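Remarks on the structure that follows.
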Amino acid sequence: MFLTKITLDPSRRLARKYLGSPQVMHAVVLKASGGGGTDGPGRVLWRVDQGQTTSLYVQSPQAPDCAQILEEAGLPGSQAQTLDYEPFLARLSEGQLWGFRLTANPSRAISQGPGVRGKRSGHVTVEQQRQWLITRAPGLGFDLVPASNDDESGSLLTVVRRNRPVFGRENPYQGGRDRVTINQTVYEGVLQVRDVDMLRRSLVAGIGRSKAYGCGLMTLARDRRG
């Protein structure tokens, strides 16, 4: 696995086009990553972080060819930074503390009656979105660190950004285009490794739904308490 960071320039026309549509960015990222690996463990994941700079992160089974993205949408003079992710995954161990960032699409299935597949609905309030990750954390291989030793009810988990991109997607089964809306939620917090193998699977396979459209990629950074 490889993790790549590309600095984008939103003042460029094609950069705005990529950033304005998860469907377009999905196609660009897949092309750079070899066009495969969109299902199961080892799939291609991507995420856009926006702050003082705009960064595209790509996690892929093979090192991507970022030449086209840099030429069309990259910050002039910048280079893609690609790291082998496997040594980092191998160093994870139980009890470690890590700061994390995750963009996810928190949602739930609403019952449609016996024998009928539940309809997916996105969580829309901040507290619903926080609880979505809080309840899933143990099954993803980690615990969320409490805000203080005396407060087990609170955690160092913050929803730092919420977006609702709307875009069209081709429907290969019924023809035409579907209207897609994603509740993109950006989380930051501190986790403690609970189950190493489970956490590795979560990092590699992605978390939640809409992984093709900029959701699911969690990145870790050493927490000073770890």
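Being a predicted model, the structure only gives us computed values, none of them experimental.
One distance of note links CD1 of I6 with CG of D9; it measures 13.5 Å at 0.5 Å rounding. Here NE2 of H26 is found 5.5 Å from OH of Y213. Values are rounded to the nearest 0.5 Å. Here CG of D143 is found 6.5 Å from CD of Q192. Values are rounded to the nearest 0.5 Å. The CZ atom of R16 sits 10.5 Å away from the CZ atom of R12 when rounded to the nearest 0.5 Å. Atoms OG1 and CZ, on T158 and R101 in that order, are 11.0 Å from each other to the nearest 0.5 Å. Here the straight-line distance linking atom SG of C66 with atom CD of Q79 works out to 10.0 Å at 0.5 Å rounding.
Nearest heavy atom pair, residue A80 against residue T4, reads CB-CG2, 4.2 Å. A63 and T82 make their closest contact through CB-CG2, 4.3 Å (heavy atoms, listed as atom of the first residue, atom of the second, distance). Closest non-hydrogen pair, L92 versus V196, comes out as O-CG1, 3.6 Å. The shortest heavy-atom contact between A15 and P10 is CB-CA, 4.2 Å.
Side-chain contact check for L97 versus V193: every heavy-atom pair is 4.5 Å or farther apart. Here the side chains of L56 and W46 are in contact, with some heavy-atom distance below 4.5 Å. For the pair Y85/Q59, a side-chain contact is recorded, criterion being any heavy-atom separation below 4.5 Å from C-beta on. Inter-residue side-chain proximity for L89 and V204 is flagged as met; some heavy-atom pair is nearer than 4.5 Å. For the pair L157 and F100, the minimum side-chain heavy-atom distance is below 4.5 Å.
Environment of CD in E94: sparse, with no more than 12 heavy atoms of neighbouring residues, nucleotides or ligands closer than 6.0 Å. Other residues, nucleotides and ligands contribute over 12 non-hydrogen atoms within 6.0 Å of the CD atom of E127.
Taking the centre of each ring, F88 and W98 come in below the 6.0 Å mark.
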Next item on the list: Could you check N105 against S107 for side-chain hydrogen bond (donor to acceptor under 3.5 Å, both in side chains), going step by step and ending with a plain yes or no?
Entry: CA-CA 6 Å; N105 179 20; S107 62; 5.0 Å; no

Next item on the list: Show your reasoning for whether side-chain hydrogen bond (donor to acceptor under 3.5 Å, both in side chains) applies to R162 and N183.
Entry: CA-CA 7 Å; R162 304 193 299 154; N183 285 317; over 6 Å; no

Next item on the list: Determine, step by step, whether T185 and R130 satisfy the side-chain hydrogen bond (donor to acceptor under 3.5 Å, both in side chains) criterion, reporting the C-alpha distance in whole Å, the side-chain angles of both residues, the deciding distance to 0.1 Å, and the verdict.
Entry: CA-CA 9 Å; T185 304; R130 289 184 77 255; over 6 Å; no

